[in-house]
Amino acid sequence: MTPLRTSAAAWTTAVQVAKTGARSPLAHTQQHFRLEGREIVRVMSLPEYLKDPARAKGHGLPPKDASLFQPGWEYKENAWGLSVDLGSCFGCNACVVACQSENNIPVVGKEQVGKNREMHWIRVDQYYEGTDLENPEIHHQPLMCQHCEMAPCEVVCPVAATVHGAEGLNEMAYNRCVGTRYCSNNCPYHVRRFNFLEYNGEREQEPVLKMLANPDVTVRSRGVMEKCTFCIQRINRARIVAEREGRAIRDGEIRTACQQTCPADAIVFGNINDPGANVSKLRSEPRTYWLLEELNTRPRTTYLAKVTNPNPDVEAG
Amino acid sequence: MSSTTNDVRVTDPIAQPPVLAPGHTPGSVTERISEMVHTKLTKTPKWWLLGLAVGFGLLNLFLLAVTNLFMTGIGIWGNNVPVGWGWDIVCFVWWIGIGHAGTLISAILLLLRQSWRNSINRFAEAMTVFAVACAGMYPILHLGRPWLPYWLLPLPGTLNMWPNFRSPLIWDVFAVSTYATISIVFWFVGMLPDLATLRDHAKSKVARFAYGMAALGWRNSARHWANYEVASLLLAGLSTPLVLSVHSIVSFDFSVGIVPGWHTTVFPPYFVAGAVFAGFAMVLTLVLPLRPLFKLHDFITERHLQNMAKVMLTTGLIVAYGYVLEIWAAFYSGNEFEIFMVLNRFTGPYAVQYWLLILCNILVPQLLWFRQVRSNVWALWVIAMFINVGMWLERFVIIVVSLSRDYIPSNWAMYHGTKWDMAVFAGTIGLFLTLLLLFIRFLPALNMFEMRVLTPEATKAHGEEK
């Protein structure tokens, strides 16, 4: 029973709403909602798509020899990749919550979010377009670590705490990280998250809260960088099962937390070296594009451009 | 300015104020400079005690701020995710830049035989050492886990891990530590003959013992002087490339990154010029008040102020050229992100900082074209302060403004330094002030033996007068 509403007046209340004149800052994880003409989210109308299905691809990835520095590593077995269909995503944010619970991501609270220190490994960016302020066109874009093959974060880490895995993952060695934040500055997608404070302190002190954490995932401490791992714990679990059974990992056997939760099946994970894999088929679709491809980061995450086919009657109404 | 026969100016083809006021003998030079050190502790000037109280007070604020930083974490600062570096790295680059004037004066001007440097070189070298001390702390303080800075060193250990030699931060470790080492050695070796002079003139036993230990047994013998000349020439040779390399490497922290506003080849020369620019501004900021306080007008003459102002004007123009080139390169590249970066500096949320930077670093220093301004100590000091502020803003614009709005608009966010950012910066100023005041009170702040060389007696003895 709250003091606002006692049993004496169960259905009516004397509470009134009045302007106090006080101001309170809103905490939001995103502050800029225009695309500024940049090809971050790519959208085609159906006629445009039918005319040139690969229209959204732009220039595509630069040729392999565009860089003086070659990775010098061949991915013979597994090469993990992820495909995100912007046509399917409707911005429900379920992936964000799934990732948060799977990967022991701390909830940092209003004050820290207000300082742009949210810890989400995946986020759903929202952009508004058009001149109708009442009814703008809305685009959603899930963004997580792109697992670049030529990752700008890896070169600049002075202690080699973020390195390239044998299967093409961009890996974080939390124990090695000293927290210079250079990787985060140099990540063009800014998907890396930093523990500015001890965000897991409460969890460590409360025995009940300790049980909250996923035992397969390290709980990170203060001063350490973290980011999307493509749910490496799930990859390793599948690898162990496959090794025990003496077979290769099957397509669809590994589902990342975001993929598993997505109600629209917008996210698909798999081995891009396997031409039969679902992710490979999606990647070979003409709608596929790479985010900021001109930087030659060669992301392992690809996007499928959104194709719109608005009903002219609805549009007019 | 009237010319006298024993004025060194007579050897000068262009009429300029002398580098040493007329009427000095080697003895009077020694006496005047060592007097600053030999004043009894009870007769310490009031302004010195007041300055030390301020400096030491700020140093305690530093202790407080760093304790909180180590206990709580980087979160007490304003850093966030698009802007991973804020006041911490801005101040690091600012301090490192300031040090450069000292090295330029002590090394390059020595090799170029610019004898006007003799009266300011010791002071500028000390400034270098103290500025590097302030700068050198930031890379450790800014770490998320500041108890692990040794992981950046190539130490053979049980970790079996080398640092990542591809990272510009590792180059920084080498550049800054080399710079600190050479600067300290050069400064100390250059002080040996003067420490011996202080030992010989010391009135108390404690002073004689302390200066005697520091002088490493210097006895003024011809062999000592021969060794000294070789050593200082070698150290000058070692320091000269450092003037260029240290700030070039610091600039690589940015130019190797792919952030629009960072990724540009103009950075190394433009950073070096900026460093010399900032360094001379700081020398003037400190020397101008010290001159009347210690009555040093005979030793730091109008000629010195003129010359320093000219160096500032020249390096300031190089820096201005760098700014113009950044704008030009952005549009020439045709790259939408680069063009946006420039327009964002002009009109974005941090436009005030950008235009203040232009005012401080480009417009105000143009006053130095006028001789009247260059010889007016008040005007010089105000201009130097403008440059000190402008150079801080320059690093802020490069680091923070570039990061706050880069590739993906959904990332864009503002950065605000907190009171703890300011406390750490004020604290480093406290450390700098404390060290500097201790230095001018207890060590020879002006180079006695090189000043003696400038007296007419010495020049005659060497038969240099034509």
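Basis for what follows: all heavy atoms, side chains included, without hydrogens, waters or symmetry-related copies. Convention: sequence-line order gives letters A, B, ...; per-chain numbering from 1. Because the structure is a prediction, the values reported are computed rather than measured.
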Visitor: Can you check whether anything in residues 138-147 of chain B gets within less than 4.5 Å of chain A, heavy-atom wise, and list it by number?
Guide: H142(B), L143(B), G144(B), R145(B), P146(B), W147(B)

Visitor: Considering only heavy atoms and a distance below 4.5 Å, find which of Q31(A), Q112(A), H32(A), R222(A) pairs most often with chain B.
Guide: R222(A)

Visitor: Name the region of I399(B), side chain, backbone, both or neither, that has any atom closer than 4.5 Å to a heavy atom of chain A.
Guide: neither

Visitor: Less than 6.0 angstrom separating the ring centers of W85(B) and Y182(A), yes or no?
Guide: yes

Visitor: Is it the backbone or the side chain of I40(A) that comes under 4.5 Å from a heavy atom of chain B, or both, or neither?
Guide: side chain

Visitor: If I measure from the heavy atoms of chain B, does R123(A) come under 4.5 Å with its side chain, its backbone, both, or neither?
Guide: side chain

Visitor: Under 4.5 Å between any side-chain heavy atoms of V83(B) and N116(A), yes or no?
Guide: no

Visitor: Say you draw a straight line from CG of N344(B) to CD of E36(A); how long is it, rounded to the nearest 0.5 Å?
Guide: 9.5 Å

Visitor: Atom CG of L403(B) and atom NE2 of H190(A): how far apart are they, to the nearest 0.5 Å?
Guide: 6.0 Å

Visitor: How many angstroms lie between CH2 in W412(B) and CZ in R34(A), if you round to the nearest 0.5 Å?
Guide: 8.0 Å

Visitor: Quick one: closest heavy-atom pair of I408(B) and P188(A), and the distance?
Guide: CG1-O, 3.9 Å

Visitor: Can you name the nearest heavy-atom pair linking D88(B) to R181(A), along with the distance?
Guide: OD2-NH2, 2.9 Å

Visitor: Answer yes or no: is there a donor N or O on one side and an acceptor on the other, between the side chain of D125(A) and the main chain of P409(B), under 3.5 Å?
Guide: no

Visitor: Considering only heavy atoms, which portion of P152(A) lies under 4.5 Å from any heavy atom of chain B: side chain, backbone, both, or neither?
Guide: side chain

Visitor: When only pairs under 4.5 Å are counted, which of T29(A), V156(A), N185(A) shares the most heavy-atom pairs with chain B?
Guide: N185(A)

Visitor: Based on non-hydrogen pairs under 4.5 Å, which of C183(A), A160(A), S221(A), C157(A) is most in contact with chain B?
Guide: C157(A)

Visitor: Using modelled atom types only, decide if a donor and an acceptor are shared between the side chain of N411(B) and the backbone of Y189(A) within a distance under 3.5 Å.
Guide: yes

Visitor: Are any side-chain N or O atoms of R117(A) and backbone N or O atoms of G75(B), one a donor and one an acceptor, separated by less than 3.5 Å?
Guide: yes

Visitor: Would you give the length of the straight line joining atom CG of D406(B) to atom SG of C187(A), rounded to the nearest 0.5 angstrom?
Guide: 9.0 Å

Visitor: Measuring heavy-atom distances to chain B, does F33(A) have an atom under 4.5 Å in its side chain, in its backbone, in both, or in neither?
Guide: neither

Visitor: Is it the backbone or the side chain of Q141(A) that comes under 4.5 Å from a heavy atom of chain B, or both, or neither?
Guide: neither

